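Predicted model, so just to flag it, every value in this text is computed and none were measured. Order of listing sets the numbers, starting from 1, for every ligand and every atom in it. Here, residue 1 is the first one in the sequence, and each next residue gets the next number. Heavy atoms only: backbone and side chains are in, while hydrogens, waters and symmetry mates are out.
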Amino acid sequence: MVLTEKQQMLRKLFRQFAETEFTDELLDRLEETGEFDRAIHDKMARCGFLGVKIPVEYGGQGGDSLAYAMMVEEFARVSPVLSIYANTSNSLGAGPLLYCGTEEQKRNYVIPVAKGEKILVFALTEPGAGSDAGGTLTSAVQAGDEFILNGRKTFISGAPFADYAVVYAKTDPSQKGSKGISMFLVDMKLPGVSCGKPEHKMGIVGYPTSDIILEDVHVHKSDLLGPLHKGFSTAMKTLDGGRLGMAAQAVGIAQGCLDASVKYAKERKQFGKPIAKFQAISFMLADMATEIEAARQLVYSTAVRKDAGDPESAKLCAMSKLYAAEMCNRAAYKAVQIHGGYGYIKEYKVERFYRDARITSIYEGTSQVQQMVISGSLLK
Ligand SMILES: Cc1cc2nc3c(=O)[nH]c(=O)nc-3n(C[C@H](O)[C@H](O)[C@H](O)COP(=O)(O)OP(=O)(O)OC[C@H]3O[C@@H](n4cnc5c(N)ncnc54)[C@H](O)[C@@H]3O)c2cc1C
């Protein structure tokens with residue numbers, strides 16, 4: 001796909017921001033403390049990055065899915081964890097509200113999220129309901145003007161510092177699986193809401209992930225999002241967009257691995273010459289570059305087709321996520337290999353990329369779940 005001049009400029013802008021603002025000092029601090037960095041989040045907000053894909057009337061930039069994918073890719077090329085800072089609001093944060101929120105809900109919640117004033121997270125997964133999200137046990141029982149929520153959500157990105165969470169809960173236990181589930185906007189300060197301790201993760205350190213525990217939480221019925229008992233289809237639609245973002249993240253990580261490997265292969269000498277002169281090394285670089293370009297083209301064309309309302313979008317988003325995530329893991333493996341022993345040492349960028357790459361084939365639907373979506377569409 002040939003990018004227009006405007007798209008190329010936009011991509012350059014994202015790249016420049018990442019290269020200038022995501023300093024080694026900041027990235028090392030994130031890794032050491034594991035804590036959320038409000039300052040860089042707010043800087044992204046001031047530049048409009050948190051609302052790239054959110055319509056202008058709700059405080060965003062009104063950009064398309066391609067602009068969003070390019071942003072996530074360029075940010076992830078320098079810092080996979082910081083790409084999530086800008087990804088959350090645009091995708092899983094505002095997504096469910098934009099799909100089915102009332103005008104009032106959109107004004108109250110999306111505008112502050114797009115501006116970075118509030119952080120909204122997406123709480124679907126439970127200890128017993130991961131790939132099988134239809135196994136949701138969190139319950140919401142109506143009592144007058146309120147719903148009373150009880151349950152536990154797990155692995156929720158951003159939960160420890162979130163202002164709101166979109167929580168999926170069973171409202172009609174007589175319906176099986178994914179049926180009878182509703183969505184609620186939960187204020188994280190409500191009595192009965194608490195978070196588990198932040199998880200110690202292999203990678204993407206610096207964007208805390210924890211459980212959300214709900215004990216007799218009273219949510220007003222005005223915070224029911226979308227129609228009663230029909231929350232699951234919105235979750236799936238939101239995840240299509242989320243998967244495209246994660247595919248873009250995987251492309252960015254792989255590109256970061258390739259850039260570091262090309263540089264290192266030219267500098268590092270063994271047997272009297274740069275290791276780039278050995279075909280075993282240069283062919284690994286060639287394979288990485290080819291697969292990255294294939295994934296990028298799939299992501300970009302899916303972004304354009306999704307915005308055009310292509311009926312194949314769900315399948316294409318799953319294909320993008322599956323291919324880009326698996327490709328990213330192959331690229332990260334090769335990058336460490338090319339760096340030899342130094343690739344195993346934390347001072348070298350590829351060690352962090354290698355750990356960060358691993359999550360891409362797990363969250364927002366594992367690779368096996370993407371294969372289920374794709375094969376389901378082929379065999380229906
Ligand atoms: C860092 C991190 C951040 C996350 N952020 C969020 C978030 O913000 N919000 C949220 O709601 N969730 C979040 N998650 C949860 C994530 O989406 C789930 O971990 C993921 O969907 C997999 O669920 P599971 O961990 O329960 O694995 P399981 O579903 O138990 O899967 C275990 C293995 O079995 C395979 N498997 C399962 N079913 C099948 C099948 N039918 N056929 C073939 N293979 C199968 C899986 O592919 C996997 O390999 C996050 C997770 C992590 C680690």
Side-chain angles (χ1 to χ4, degrees), residues 30-31 34 36 76 80-96 113 119-138 151-169 177-178 181 183-186 188 195-214 225 231-232 234-243 245-247 249-250 253 317-318 321-322 325-326 329 352 355-376 379:
L30 288 171
E31 186 74 21
F36 176 66
V81 67
L82 289 176
S83 75
I84 303 174
Y85 280 46
N87 160 275
T88 305
S89 51
N90 278 291
S91 159
L92 299 189
V113 166
I119 293 173
L120 197 155
V121 297
F122 182 88
L124 175 64
T125 305
E126 296 186 4
S131 300
D132 179 17
T136 297
L137 288 181
T138 296
R152 187 181 196 107
K153 296 289 171 181
T154 201
F155 292 143
I156 308 306
S157 303
F161 51 86
D163 298 288
Y164 308 115
V166 170
V167 171
Y168 294 79
S178 61
I181 290 174
M183 257 184 312
F184 297 91
L185 276 157
V186 176
M188 295 292 284
C195 287
K197 63 169 181 37
E199 304 289 355
H200 290 294
K201 295 174 294 188
M202 180 194 294
I204 53 163
V205 177
Y207 197 78
T209 306
S210 78
D211 283 9
I212 296 180
I213 302 138
L214 303 145
L225 189 50
F232 199 73
T234 311
M236 293 304 115
K237 263 191 232 146
T238 308
L239 283 173
D240 284 347
R243 283 167 186 172
M246 289 302 111
Q249 184 192 42
I253 298 174
C317 289
K321 164 92 165 45
L322 170 64
E326 295 295 328
N329 276 280
R352 201 175 289 165
R355 287 184 288 111
D356 288 345
R358 196 64 194 85
I359 190 63
T360 62
S361 59
I362 295 170
Y363 62 10
E364 298 209 22
T366 63
S367 285
Q368 290 70 39
V369 165
Q370 310 308 327
Q371 287 168 322
M372 282 157 64
V373 173
I374 300 161
S375 59
L379 300 170

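If you number the atoms of ligand 1 from 1 as listed, the ones under 4.0 Å from a heavy atom of Met372 come out as 40 (C), 41 (N), 42 (N). Contact atoms of ligand 1 toward Glu364: 17 (O) (distance under 4.0 Å to a heavy atom of the residue). Below 4.0 Å from some heavy atom of Ile362 lie the following atoms of ligand 1, by number and element: 20 (C). Listed by number with element, the atoms of ligand 1 under 4.0 angstrom from any heavy atom of Ile359 are 1 (C), 52 (C), 53 (C).
Nearest heavy-atom pair across Ile362 and Lys321 is N-NZ, 4.3 Å. Between Ala159 and Val121, the shortest heavy-atom distance links the atoms N-CG1, 4.2 Å. Closest heavy-atom contact between Thr209 and Phe155: CG2-C, 3.4 Å. Of all non-hydrogen atoms in Ala133 and Ile181, the two that sit nearest each other are O-CD1, 4.3 Å.
For the ligand labelled ligand 1, residue Val121 lies outside the 4.0 Å heavy-atom shell. In this structure, Ile156 has a heavy atom closer than 4.0 Å to ligand 1.
Nearest non-hydrogen protein atom to atom 26 (O) of ligand 1 is Gly130 CA, 3.2 Å. Given atom 44 (N) of ligand 1, the protein heavy atom at minimum distance is Gln368 CB, 3.6 Å. Taking atom 10 (C) of ligand 1 as the reference point, the nearest protein heavy-atom neighbour is Thr125 OG1, 3.3 Å. Scanning the protein heavy atoms around atom 37 (C) of ligand 1, the nearest turns out to be Ser131 OG, 3.6 Å. Looking only at protein heavy atoms, the nearest one to atom 14 (N) of ligand 1 is Phe155 O, 3.3 Å. When only non-hydrogen protein atoms are considered, atom 9 (N) of ligand 1 lies nearest to Phe122 O, 2.8 Å.
Around the CZ atom of Arg355, the shell of radius 6.0 Å holds more than 12 heavy atoms that belong to other residues, nucleotides or ligands.
Scanning Gly135, Ser157, Gly158 for the heavy atom closest to atom 3 (C) of ligand 1 points to Ser157.
Proximity of atom 35 (C) of ligand 1 to the protein is not indicated, since no non-hydrogen protein atom lies closer than 4.0 angstrom. Distance remark: protein heavy atom present below 4.0 angstrom from atom 41 (N) of ligand 1. Using a 4.0 Å threshold on non-hydrogen atoms, atom 32 (C) of ligand 1 does not count as touching the protein. For atom 7 (C) of ligand 1, the nearest protein heavy atom is under 4.0 Å away.
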Hey, mind stepping through Met188 and Phe161 against side-chain contact (heavy atoms from CB on, under 4.5 Å) and telling me if it holds? CA-CA 9 Å; Met188 295 292 284; Phe161 51 86; over 6 Å; no

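A donor-acceptor pair shorter than 3.5 Å can be found between the side chains of Glu126 and Thr138. No side-chain donor from either of Ser131 and Gln368 sits under 3.5 Å from a side-chain acceptor of the other.
Note: Tyr207 and Phe36 have perpendicular aromatic rings, judged against thresholds of 30 and 60 degrees for the angle between ring planes.
With a 4.0 Å cut-off on non-hydrogen atoms, Thr366 touches ligand 1 through its side chain and not its backbone.
Val81 has its side chain out of reach of Val205: every pair of non-hydrogen atoms, C-beta onward, lies at least 4.5 Å apart.
No donor-acceptor pair under 3.5 Å is formed between the side chain of Arg243 and the backbone N or O of Ala318.
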